[in-house]
Protein chains: 2
Amino acid sequence: MKNSLKALRAERGWSQADLAGLLEVSRQTVNAIENGRYDPSLPLAFTIARVMQLRIEEIFEE
Amino acid sequence: MKNSLKALRAERGWSQADLAGLLEVSRQTVNAIENGRYDPSLPLAFTIARVMQLRIEEIFEE
DNA sequence: GCCTAATGTAAAACCTGCTTTACATGGAGA
DNA sequence: TCTCCATGTAAAGCAGGTTTTACATTAGGC
């Protein structure tokens, strides 16, 4: 799966640590997802969509 | 997370085994998700949305 | 040149998602 | 009643997601 998390985060002026704080996950988790090392769980994908104010399908694609 | 998979599947007249075939996962996986034993991975959630012709947010909620 | 902040990455440990095999139960139809 | 189909569940095992700790690199400000 692909995602545009890095760009969306940058648009908002957030560091990986900032985003990790909002998501209540570790900074390494944010980094790993941004760099495609793995996909988030479904609950985490929902949280990401919520803090980004977007739909999951607008952030991730198959 | 909650989901309405059981109802959506029933609307379509599919058995758990039918849906499992479409999703290319085991019947036990469908059963476990329907009964809330665990959430699907994000890729599987995308596949479910695709075969249901709905958005992920229309099937799952936090 | 130094300090600090941001990013990338690694290992170990743990928990969750998914598989296969296998068995039990209930309902519908011949 | 017998059989078949759909559903629920369990155990063992492998794969993937997440944490903590820890270290290296780069870029910017002073």
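Note on naming: letters A, B, ... go to the chains in the order of the sequence lines (proteins, then strands), and numbering restarts at 1 for each one.
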Hits for side chain to side chain donor-acceptor pair (under 3.5 Å) against A:Asn31, two or more places apart or cross-chain, chain-then-number order -> A:Gln16, A:Asn35, A:Arg37
**Q.** Full working for side chain to side chain contact (heavy atoms under 4.5 Å, CB included) between A:Leu44 and A:Ile33
**A.** CA-CA 11 Å; A:Leu44 182 51; A:Ile33 294 168; 3.9 Å; yes
Taken in chain and number order and not counting sequence neighbours, the residues that satisfy side chain to side chain contact (heavy atoms under 4.5 Å, CB included) with A:Glu62 are B:Phe46, B:Thr47, B:Arg50
Atom CD of B:Glu34 and atom C1' of D:dT9 are separated, to the nearest Å, by 14 Å
Q: Given side chain to side chain contact (heavy atoms under 4.5 Å, CB included), test B:Asp39 with B:Phe60 step by step and report yes or no.
A: CA-CA 9 Å; B:Asp39 298 320; B:Phe60 300 91; 5.7 Å; no
What one should report as the nearest heavy-atom pair of B:Asn3 and B:Leu5 is OD1-N, 2.9 Å
Output for pair (A:Leu22 CG, A:Ile48 CD1), nearest 0.5 Å, gives 11.0 Å
Applying side chain to side chain contact (heavy atoms under 4.5 Å, CB included) to B:Glu61 and B:Met1, what does each step give before you reach the verdict? CA-CA 6 Å; B:Glu61 66 175 312; B:Met1 301 219 8; 6.0 Å; no
Whole-Å distance, A:Asn31 CG to C:dT9 C1', equals 8 Å
Per-nt protein contacts along nucleotides 25-30 of chain C (heavy atom under 4.0 Å; B base, S backbone sugar-phosphate only, - none) come out as ------
Residues in residues 3-10 of chain B with a heavy atom under 4.0 Å of DNA chain D, by number, are B:Lys6, B:Arg9
Heavy-atom closest pair (A:Ala45 atom, A:Ile56 atom, distance to 0.1 Å) is O-CG1, 3.9 Å
Per-helix bend value, the helix from C:dG1-D:dC30 to C:dA30-D:dT1, C1' rotation axes over five pairs per end, 10° rounding, shows 30°
Rounded to whole Å, CG of B:Asn35 lies from C1' of D:dA10 at a distance of 14 Å
Residue pairs meeting salt bridge (Lys or Arg N to Asp or Glu O under 4.0 Å), one or both in residues 1-21 of chain A, sequence neighbours left out, come to A:Arg9-A:Glu34
Taken in chain and number order and not counting sequence neighbours, the residues that satisfy side chain to side chain donor-acceptor pair (under 3.5 Å) with B:Ser41 are none
Per-nt protein contacts along nucleotides 11-30 of chain D (heavy atom under 4.0 Å; B base, S backbone sugar-phosphate only, - none) come out as ------SBBBBB--------
Given B:Val51 and B:Leu19, is the side chain to side chain contact (heavy atoms under 4.5 Å, CB included) satisfied, shown in steps?
CA-CA 9 Å; B:Val51 310; B:Leu19 178 55; 4.0 Å; yes
Hits for side chain to side chain contact (heavy atoms under 4.5 Å, CB included) against A:Ala17, two or more places apart or cross-chain, chain-then-number order -> A:Ser15, A:Arg27
Sorted by chain and number, sequence neighbours left out, side chain to side chain contact (heavy atoms under 4.5 Å, CB included) with A:Gln28 holds for A:Ser26
Sorted by chain and number, sequence neighbours left out, side chain to side chain donor-acceptor pair (under 3.5 Å) with A:Ser4 holds for none
In numerical order, the residues of residues 53-62 of chain B whose heavy atoms come under 4.0 Å of DNA chain C are none
